[in-house]
Amino acid sequence: MMTAGADIAENVLELARRRGFIWHSYEIYGGVAGFYDYGPLGTLLKRNIENAFRNLYVIDEGFYEIETPNISPKDVFAASHHLECFADEVVRCERCGSFFKRDDISKCECGGTLVFAGSFNLMFRTHIGVQTTAAGSRGEAYLRPETAQGIFVDFPRLLKFNRDKLPFGIIQIGKAFRNEISPRQSLIRLREFTLAEAEIFVEPSQKNCHPRFDEVRDRMLRLLPASSSDNEVSEKSHSASTSSESASATNTAQSSTAEHSSAEEISISVGEAVEKGIISHQYLGYYIAKTHEFLTSIGIPAHRLRFRQHRKDEMAHYASDCWDAEFLSMKYGWIEIVGIADRGDYDLSAHASHSNQNMSVYISDTAKKTRKKVIPHVIEPSYGIDRIIYAVLECAYHEENVGKDIRRVLKLKKHIAPITAAVLPLLNREELKNKAKEVFNILRSNNIFAVYDESGSIGRRYRRQDEIGTPFCITIDHETLENSTVTVRYRDTMDQIRIHIDEILNFLRREAVGDECACERDEMND
RNA sequence: GCGUCGAUGGUCUAGCGGUAUGACUUGGGCCUUCCAAGCCCACAGCCCGGGUUCGAAUCCCGGUCGACGCACCA
């Protein structure tokens with residue numbers, strides 16, 4: 001008998017805690033809300049997912065990765081408007097307890113009087129150098145709330161690095177910090193979290209000409225477009241002069257409670273969606289499709305993914321269009337795991353004017369013998385790695401009835417599993433243990449991350465590996481001593497095959513790459 | 001941030017005024033020729049601070065953390 005979906009999700013969190021994937025931070029001091037540690041296995045999983053992101057964006061897309069500081073001086077966020085858009089003075093109605101942003105309202109609807117309730121700044125403020133006074137002083141600095149600004153401020157350097165040509169993309173994987181008012185739901189809302197972001201700089205007139213669009217044209221997606229009534233913006237052109245108005249759009253967001261939009265979900269190919277103007281151009285469509293490819297490749301089944309377009313009033317201050325990849329969690333419902341935004345020239349223009357530096361690019365048209373100066377537009381896929389890890393864990397977790405027991409198994413894709421293989425002597429006998437250690441040494445000297453385990457019955461050891469998602473168990477038995485063959489047990493099916501020791505390396509390399517995962521079938525709460 | 005409820009070994013749990021129950025896990029041993037078997041041994045716990053009391057895991061207050069609802073989520 002399977003437990004209900006939410007209980008399953010509860011169980012996967014319990015497993016993740018017990019087996020060293022994720023731990024609430026600072027537990028010995030009572031814990032601090034919004035902070036989580038990745039334990040030994042969680043860190044391996046996270047690295048593997050980050051590397052999958054790199055494989056897609058660095059190796060396949062040819063983008064370079066950079067690394068910029070977590071701490072930025074005030075200037076950066078003054079320019080980007082995060083300072084004004086992330087900080088709110090909040091008032092509270094004494095009678096009904098409702099909160100309002102201070103500037104929005106002078107009297108509560110219920111007639112109660114409003115009192116100052118505090119200043120909520122989503123950015124963590126800190127100080128560079130000797131501390132004088134707090135806000136407004138010289139060394140005032142902030143922990144970045146997104147990694148993107150580090151890329152934008154390096155734009156002149158990056159443009160030179162790319163020999164003055166567009167388009168090009170840059171990625172960054174790193175920590176971002178937001179002092180959420182009430183972080184909740186484990187990895188879903190953190191105060192310190194990992195973002196993997198790509199910033200693609202493109203000539204504005206070329207946004208509908210992605211050179212590789214044909215490769216993704218036929219990919220089918222579930223889309224939830226903002227309905228046109230809430231959203232006359234779909235091609236709001238984003239010049240620097242329109243930037244201030246998008247900031248004020250956020251001020252009204254609080255009045256319209258949740259009800260997302262009346263738009264219908266549609267299933268459509270990327271090519272068609274772009275042609276019909278549902279997705280406003282090829283660049284956005286291409287990275288939506290790439291994101292879909294990425295998420296399914298790490299084990300999130302397509303039927304639990306959709307892309308939802310932001311309404312105008314929920315868009316971030318810098319965005320002119322935005323689609324979220326949403327994951328259908330058994331516990332939390334639809335949650336955003338990736339945002340793919342068209343930031344227009346908002347950021348580069350903002351930094352150009354605040355820094356007095358040139359952020360434009362000269363585009364030559366050799367046919368017409370003309371040259372023009374443009375500020376590139378930015379397309380930004382922004383991946384919330386922690387939420388993706390939660391999604392991957394929830395999708396991978398299965399409870400199966402085996403005899404009287406429940407087998408708990410993480411059917412992680414092989415290339416992201418923390419441990420590739422376990423080497424196990426069938427019995428606790430010297431000759432088997434010695435042989436098993438030999439095999440183990442072969443693996444580790446060939447850069448395959450394996451573990452050796454001789455403790456407990458063989459069944460128990462298999463189950464241990466099942467719980468942490470190890471795809472293969474290699475067992476050494478008496479036959480190994482006779483003919484140098486071992487058994488390889490598949491995690492997902494528990495089937496075993498027998499292969500020669502000399503073939504183990506090739507077997508693992510082949511299997512770990514090929515990967516048609518057995519976890520496509522997926523029981524939602526039906 | 002507000003409201004309701006809660007917090008006991010690594011995990012789950014019993015106890016609800018006399019310093020703690022059981023299971024699982026883990027470690028060691030015996031046994032064992034493939035799926036959490038069995039037997040023996042061992043490790044390990046009352047969220048933090050204050051108060052009431054002869055005595056607090058238990059009652060009271062404050063805090064922290066968590067779940068849910070509201071608000072927030074740029």
Side-chain angles (χ1 to χ4, degrees), chain A residues 6 10-11 13-20 23-35 39 77 80-88 90-94 96-101 117-118 120-123 145-146 178-186 188-191 246-251 253-255 257-258 310 313-319 322 331 335-336 339 341 384 400 402-409 424-429 432 455-467 473 475-481 486-489 491 493-496 498:
Chain A
E10 204 63 57
N11 292 349
L13 285 171
E14 187 272 320
L15 183 148
R17 196 181 321 130
R18 187 164 43 82
R19 300 308 305 266
W23 294 321
H24 195 195
S25 298
Y26 311 111
E27 267 182 332
I28 66 165
Y29 290 108
V32 180
F35 296 91
F77 299 117
S80 71
H81 291 93
H82 280 88
L83 223 45
E84 61 182 274
C85 296
F86 260 56
D88 285 310
V90 175
V91 292
R92 180 162 185 264
C93 173
E94 281 184 317
C96 69
S98 307
F99 278 93
F100 302 97
K101 294 184 185 179
F120 296 141
N121 190 334
L122 237 39
M123 287 197 292
E146 58 172 5
R178 298 180 192 179
N179 203 355
E180 298 282 354
I181 294 168
S182 66
R184 264 183 207 182
Q185 303 174 326
S186 69
I188 306 304
R189 187 117 59 97
L190 298 174
R191 287 181 163 137
S246 59
S248 63
T250 60
N251 290 341
Q254 49 134 34
S255 56
T257 36
H310 279 204
D313 64 359
E314 66 177 313
M315 214 119 57
H317 65 276
Y318 48 71
C322 185
K331 186 171 168 63
I335 55 174
E336 173 195 352
E400 297 174 353
V402 177
K404 286 175 286 190
D405 298 314
I406 295 173
R407 183 172 88 113
R408 296 188 165 82
V409 50
L424 316 169
L426 180 63
L427 296 170
N428 191 8
R429 301 252 173 90
L432 294 178
S455 159
S457 72
I458 189 68
R460 178 183 296 274
R461 283 175 279 157
Y462 286 150
R463 293 293 203 275
R464 268 186 206 135
Q465 298 303 325
D466 288 342
E467 271 199 345
C473 288
T475 305
I476 279 65
D477 58 17
H478 69 292
E479 210 180 320
T480 311
L481 302 177
V486 297
T487 63
V488 178
R489 170 190 180 268
R491 172 197 67 199
T493 59
M494 298 191 285
D495 292 340
Q496 282 178 294
R498 185 165 277 277

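Since we're looking at a predicted model, the values are computed, not measured. Per chain, numbering begins at 1; letters A, B, ... match sequence-line order.
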Can you find an N or O donor on one side and an acceptor on the other, under 3.5 Å apart, linking the side chain of A:Arg189 with the base of B:C72? yes

Categorize A:Glu27 for me: base, sugar-phosphate, or nothing, with a 4.0 angstrom heavy-atom threshold over every strand shown. nothing

Please evaluate the base of B:C48 for a donor-acceptor partner in the side chain of A:Tyr29 within a cut-off of under 3.5 Å? no

Check whether the side chain of A:Arg489 and the base of B:C35 form a donor-acceptor pair under 3.5 Å. yes

With a non-hydrogen cut-off below 4.0 angstrom, is A:Thr487 in contact with a base, only sugar-phosphate, or nothing? base

Does A:Glu180 contact B:C73 through a side-chain donor or acceptor facing the base, at a distance under 3.5 Å? no

Has the side chain of A:Gln465 got a donor or acceptor that lies under 3.5 Å from a partner of the other kind on the base of B:A36? no

Of the listed nucleotides (B:G10, B:C34, B:A37), which one gets closest to any side-chain atom of A:Tyr462? B:C34

So what does A:Arg464 touch, heavy atoms closer than 4.0 Å: a base, only the sugar-phosphate, or nothing? sugar-phosphate

Can you tell me which residue among A:Thr475, A:Asp477, A:Thr487 is in a side-chain hydrogen bond (donor to acceptor under 3.5 Å, both in side chains) with A:Arg498? A:Asp477

Can you name the nearest heavy-atom pair linking A:Thr480 to A:Val486, along with the distance? CG2-CG1, 3.9 Å

Report the stems of RNA chain B as range-with-range entries sorted by first number; a stem here is at least three consecutive pairs, Watson-Crick or G-U wobble, both distances under 3.5 Å, and write none if there are none. B:1-7 with B:64-70, B:10-12 with B:22-24, B:26-30 with B:38-42, B:47-51 with B:59-63

With a 3.5 Å cut-off and just heavy-atom distances, do the side chain of A:Arg184 and the base of B:G69 make a donor-acceptor pair? yes

Would you classify A:Glu10 as touching base, sugar-phosphate or nothing, given that sugar-phosphate means primed atoms plus P, OP1 and OP2, and contacts are heavy atoms under 4.0 Å? nothing

Indicate, with a heavy-atom threshold strictly under 4.0 Å, whether A:Asp405 touches base, sugar-phosphate, or nothing. sugar-phosphate

Under 4.0 Å, counting only non-hydrogen atoms across every strand here, what does A:Asn428 touch: a base, just sugar-phosphate, or nothing? base

In whole angstrom, give me the gap between the P atoms of B:G22 and B:C59. 23 Å

Pairing residues for A:Ile181 by the side chain to side chain contact (heavy atoms under 4.5 Å, CB included) criterion, not counting sequence neighbours: A:Phe120

